[in-house]
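The block underneath contains the structure these notes are about, expressed in structure tokens.
Naming: A, B, ... by sequence-line order, numbering from 1 per chain.
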Amino acid sequence: MDYKDYENLINKLLEQKSKTNDEKEKEAIDNEVKRMMMFAGENLTAWDRVYIARHKDRPKAYDYIKKLFPDFIELHGDRYFGDDNAIVTGLATFHDMPVTIIAQAKGKTTEENIIRNFGMANPEGYRKAIRIAKQAEKFNRPIITFVDTSGAYPGKGAEERGQAEAIAECLFEFSTLKTVVICVVIGEGGSGGALALSIGDKIIMLENAIYSILSPEGFASILWKDETRAKEASERMKLTSFDLKNLGIVDEIIKEPLGGAQYDFEDLIKRLDRSIYNSISELEKVRMNTLINRRYEKYRKIGAYE
Amino acid sequence: MDYKDYENLINKLLEQKSKTNDEKEKEAIDNEVKRMMMFAGENLTAWDRVYIARHKDRPKAYDYIKKLFPDFIELHGDRYFGDDNAIVTGLATFHDMPVTIIAQAKGKTTEENIIRNFGMANPEGYRKAIRIAKQAEKFNRPIITFVDTSGAYPGKGAEERGQAEAIAECLFEFSTLKTVVICVVIGEGGSGGALALSIGDKIIMLENAIYSILSPEGFASILWKDETRAKEASERMKLTSFDLKNLGIVDEIIKEPLGGAQYDFEDLIKRLDRSIYNSISELEKVRMNTLINRRYEKYRKIGAYE
Amino acid sequence: MQDLFNKRKAKIDSFNKSRKKKEFVPKEIPEYMFRNCPHCNFSISYREWIDELYVCSRCGYHLRISANERIRQICDRDTYYEIDAKVTTVNEHDFEGYDEKLDIAQRSTGLSEAVVCGVGRINGIKAVVCAMDSNFMMGSMGGVVGEKITKSIEYATSRRLPIIIATASGGARMQEGIISLMQMAKTSAALKRHSDKGLLYMTLITDPTTGGVSASYAMLGDIIIAEPNALIGFAGKRVIEKTVNETLPPQFQRSEFMLEKGFIDLIVERRDLKSTITKLLILHGVK
Amino acid sequence: MQDLFNKRKAKIDSFNKSRKKKEFVPKEIPEYMFRNCPHCNFSISYREWIDELYVCSRCGYHLRISANERIRQICDRDTYYEIDAKVTTVNEHDFEGYDEKLDIAQRSTGLSEAVVCGVGRINGIKAVVCAMDSNFMMGSMGGVVGEKITKSIEYATSRRLPIIIATASGGARMQEGIISLMQMAKTSAALKRHSDKGLLYMTLITDPTTGGVSASYAMLGDIIIAEPNALIGFAGKRVIEKTVNETLPPQFQRSEFMLEKGFIDLIVERRDLKSTITKLLILHGVK
Ligand SMILES: [Zn+2]
Ligand SMILES: [Zn+2]
């Protein structure tokens with residue numbers, strides 16, 4: 001049984017509860033829900049995490065921004081072609097320190113998702129990210145990125161305006177950006193579109209976030225010509241936070257409440273806040289050259305063979 | 001009588017000559033033509049020069065490139081949006097030295113002008129110029145620009161893609177470009193669209209080229225609400241090479257053959273080649289900091305008041 | 001010639017002296033007690049216009065305001081002083097009718113030129129602040145405007161100060177011809193030096209900002225703020241319409257449109273302007 | 001495990017030894033004496049294919065060629081030597097069927113991986129030259145490809161050499177998952193260091209160059225050359241068509257199209273490739 005099935009069951013139970021007046025039944029339902037949450041939440045498969053990472057109720061970048069950076073000022077535009085709403089950039093103070101935020105912003109409602117193109121950026125989104133990152137470098141502001149996208153937008157205009165070039169330029173520029181860069185994978189981290197905003201000195205990943213070369217559906221479709229084998233693919237793709245920590249790609253995992261980030265967002269935010277703060281404090285002590293060299297080595301050693 | 005009227009007369013005389021077999025008449029016509037050329041060519045008004053600068057037979061950037069840089073390799077694209085045919089960029093060897101060429105390229109035929117948008121660049125043209133200029137800086141290549149445009153293209157797309165920003169960025173970046181920049185005004189130098197490629201260490205101007213804040217027609221239309229007073233405007237605009245030399249904006253004038261560059265292009269090229277070569281040789285000896293400071297002072301002092 | 005110069009200088013001097021006293025009497029006060037909103041036609045008392053910073057309390061329309069009013073709205077009271085206020089044309093402009101036009105502009109605005117440049121404090125933070133005035137020959141940029149802007153930028157560079165320029169300009173000062181065009185190069189070059197020192201430059205684009213000013217310092221801000229519905233563009237609407245042979249939508253080249261097109265960082269209403277600028281200064285490490 | 005590794009190593013060693021002798025016998029020679037042009041169907045003798053550098057003498061169609069043939073066409077005879085040729089996977093890939101696929105690719109191409117990296121001379125000018133081979137698992141980039149490319153870039157950086165990479169890739173090596181994705185970051189970072197030293201990087205984009213290779217080193221050249229009609233893009237055509245729900249024109253994502261869109265510096269026919277690269281090297285001050 002997948003986590004999704006438990007969720008359905010729980011929802012049904014909760015509906016049942018809302019219809020009854022019998023206090024005993026209510027209590028029984030509560031206990032059952034708790035038990036199921038515990039059981040399901042503690043035995044999550046990779047596929048369950050894919051489901052949770054994409055959950056519509058899962059907090060999105062804007063939720064994190066609102067909580068972590070209440071004085072956030074959004075800055076728009078790439079100064080070439082447009083302002084991409086799939087990537088949100090801006091400035092804020094964080095523990096009395098100016099910081100730059102670059103976030104892949106999925107929406108929570110259909111309307112918002114249409115505006116945000118379901119979090120799939122066009123080249124102008126990546127170019128905005130580079131522009132804002134270079135300003136962070138100029139003004140010595142740490143950068144915090146939030147990664148949450150199924151991938152870069154595979155649209156016609158995106159290709160015409162150089163999706164490949166824009167992503168490559170992100171990888172190129174962030175690799176030597178002379179300021180501390182913290183990346184937080186909060187939901188889906190899919191393909192080059194996610195990688196473009198994942199070049200940093202510290203990669204933090206939420207427990208139930210996923211990060212992979214492409215979606216399990218795409219993976220199954222390419223390798224097995226069968227999109228429906230996505231579940232099977234997810235189990236082999238090493239896309240969970242634990243897999244990525246083992247591979248040395250992720251530096252720190254932030255534990256989530258049972259069922260996912262939305263179940264106790266305040267607590268999660270508190271721990272994430274501390275983690276980001278500690279990371280910046282620690283990294284700001286490192287000499288800039290050392291920082292850039294370490295960043296290089298971090299990526300350099302992945303897939304290094306004798 | 002304008003130069004244009006003399007030109008018409010001369011053309012009529014030449015037609016007459018082609019129809020006669022009388023050697024004496026032919027000789028008489030030749031003498032008359034010569035006399036008229038001399039008279040007209042030596043008494044050019046500003047308006048005559050506007051006519052000559054825009055003449056369809058006047059050599060265009062490609063003519064200069066072919067003669068001065070026979071091994072020219074064209075490089076395309078701004079790496080953001082498109083390749084603008086109104087600005088041609090590339091590399092060549094010039095007296096055994098690698099150089100970068102950035103040229104506003106009007107066409108000579110209607111077909112070519114349609115491709116080249118009559119030499120009126122879009123933002124991607126200016127962004128290509130910046131990209132190519134920064135590469136010249138990286139690889140220590142002198143840059144030679146050719147200026148010949150009635151202005152930046154006032155199109156809808158041009159505005160949407162930031163014509164103002166693209167021109168501003170040219171002015172900004174060229175002002176501290178760490179390589180020698182030579183600008184050659186070969187035809188029309190109109191408004192910010194021409195200025196964008198005129199930021200350099202030495203400004204060379206062909207005798208009959210013009211350079212102005214906008215076209216005489218536009219000038220008359222804005223100031224007097226009467227486009228037909230363009231001729232009158234041209235006389236007041238100080239747009240000839242001599243005016244600009246007096247104002248300290250142009251550093252050197254290259255004399256043209258009677259009637260304009262096309263009447264003895266080989267000779268003109270020889271002198272232009274020497275002038276560019278001498279300028280580069282001289283400027284390459286200057287320390288980079290001094291060069292950049294001098295470039296700054298060159299523009300700094302224009303319109304400086306106590 | 002020298003006479004003319006002395007006359008103008010005297011006039012400006014006396015104006016500068018007089019201005020100190022008048023500083024907090026906004027000169028936008030109309031002759032009548034009420035002035036209708038040019039957008040929604042709502043009748044608003046001038047007291048309210050002043051209190052609302054010349055923004056229509058009904059429809060939010062932002063009236064064009066003078067350079068001095070702009071500075072009043074941005075800078076802390078009694079902190080602003082002009083730098084190089086006396087820069088003015090020493091050359092005779094031989095363009096027919098130009099002297100008269102200048103004279104009328106100077107009399108009607110009380111300014112010597114289309115820009116006011118100086119240093120002030122914004123919620124205590126020191127910054128160079130320049131404001132253009134579209135009432136002065138449409139805020140056109142001639143040699144003096146270019147020179148004053150450049151001097152202000154250089155002042156900021158040498159003292160490591162941030163600079164904020166509020167733009168309002170129809171473009172180049174035609175009467176000064178090529179000299180005017182060259183101001184684009186001069187101001188941009190000065191900004192490059194300022195930027196290379198790691199200093200902050202913010203533009204506040206107000207209605208209208210077109211032509212040579214848009215294609216130079218207006219578009220070079222690290223941060224580009226625009227007022228709502230301000231016209232921002234290089235070419236004029238009529239020229240474009242003639243070129244492309246179509247009618248442009250009303251929102252074309254307006255702040256909101258240009259934000260969508262990627263050229264404006266943020267649009268800020270006038271009532272939030274000072275606090276936003278303050279926050280941005282702090283976020284750029286300016287103290 | 002170690003056995004498997006030794007076995008593969010031995011195989012590659014023996015291949016490397018054997019290759020020296022075979023270097024000038026192009027392996028594209030087909031079994032039959034004639035091979036039709038896949039584009040115009042013209043029947044061409046294999047001698048002519050070889051002489052014409054695998055370009056159809058009738059329609060100009062550029063056949064896909066192997067990495068070794070590419071190197072032969074670019075580098076001077078007997079000047080090319082591989083660097084880190086023996087880099088190969090030491091980890092067991094636990095992805096089902098991957099080892100077999102690798103084995104088949106290795107046998108059929110005679111290569112250890114989808115890229116050949118080394119140093120050679122181009123009309124006497126020393127340069128690092130890497131060539132990808134689309135016959136090897138569609139030129140997909142896994143850890144070994146990323147590592148070899150990165151080592152080559154680092155080699156070029158430390159010796160102040162220019163580097164030329166001929167790309168041909170369907171994208172990431174799916175079987176290696178996230179390791180494959182990370183090669184985009186690794187190669188791009190290495191190129192940034194190379195570039196920061198003022199050194200020249202040229203890409204030669206050949207058919208097809210898509211996915212992760214296009215979104216990393218393929219698009220980062222100081223100069224980006226493409227072969228005629230090469231497919232260049234990030235997303236696959238079918239994915240795009242599904243996304244936008246329209247049929248794309250045949251020229252979409254082709255070299256000529258991408259040049260128009262501003263992403264390709266120049267398109268060079270194969271017969272002019274070596275001379276053009278030589279000229280470009282000289283024009284960048286490489287001797
Ligand atoms: Zn109103
Ligand atoms: Zn063929």
Please indicate whether C/His39 has more than 12 foreign heavy atoms, meaning atoms of other residues, nucleotides or ligands, lying under 6.0 Å from its NE2. no
Does a sphere of radius 6.0 Å around CG in C/Asp272 hold more than 12 heavy atoms from other residues, nucleotides or ligands, not counting ones at 6.0 Å or beyond? yes
For C/Phe263 and A/Phe81 the tightest heavy-atom approach is CZ-N, 4.3 Å
Other residues, nucleotides, ligands: >12 heavy atoms within 6.0 Å of A/Phe265 CZ: yes
For A/Lys138 and C/Ser195, does a side-chain donor sit closer than 3.5 Å to a side-chain acceptor? yes
Rounded to the nearest 0.5 Å, what separation is found between the CD atom of C/Glu260 and the CG atom of A/Asp84? 12.0 Å
A/Arg141 versus chain C, the contacting section by heavy-atom distance below 4.5 Å: side chain
Using non-hydrogen atoms and a 4.5 Å limit, figure out which bit of C/Ile264 sits close to chain A: side chain, backbone, both or neither. backbone
Under 4.5 Å to a heavy atom of chain C? For A/Arg127 that would be neither
C/Met219 versus chain A, the contacting section by heavy-atom distance below 4.5 Å: backbone
Portion of C/Ile223 that has a non-hydrogen atom of chain A nearer than 4.5 angstrom: both
Side chain to side chain, A/Leu91 and C/His284, heavy atoms closer than 4.5 Å: yes
Please flag which part of A/Gln135 lies under 4.5 Å from any non-hydrogen atom of chain C: side chain, backbone, both or neither. side chain
To the closest 0.5 Å, what do you measure between CD1 (A/Ile73) and OG1 (C/Thr276)? 6.0 Å
Do other residues, nucleotides or ligands put more than 12 heavy atoms under 6.0 Å from the NZ atom of A/Lys108? yes
In plain terms, say whether A/Arg79 and C/Asp265 are close enough for a salt bridge, that is, a side-chain N and a carboxylate O under 4.0 Å apart. yes
Is atom CZ of C/Arg271 surrounded by more than 12 heavy atoms (other residues, nucleotides or ligands) closer than 6.0 Å? no
Check whether A/Ala136 gets within reach of chain C through its side chain, its backbone, both or neither, counting any heavy atom under 4.5 Å. neither
Can you check whether C/Lys261 reaches A/Asp83 side chain to side chain, under 4.5 Å on heavy atoms? no
Using the rule side chain to side chain contact (heavy atoms under 4.5 Å, CB included), only one of C/Asp222, C/Leu283, C/Leu199, C/Val286 pairs with A/Phe139; which is it? C/Asp222
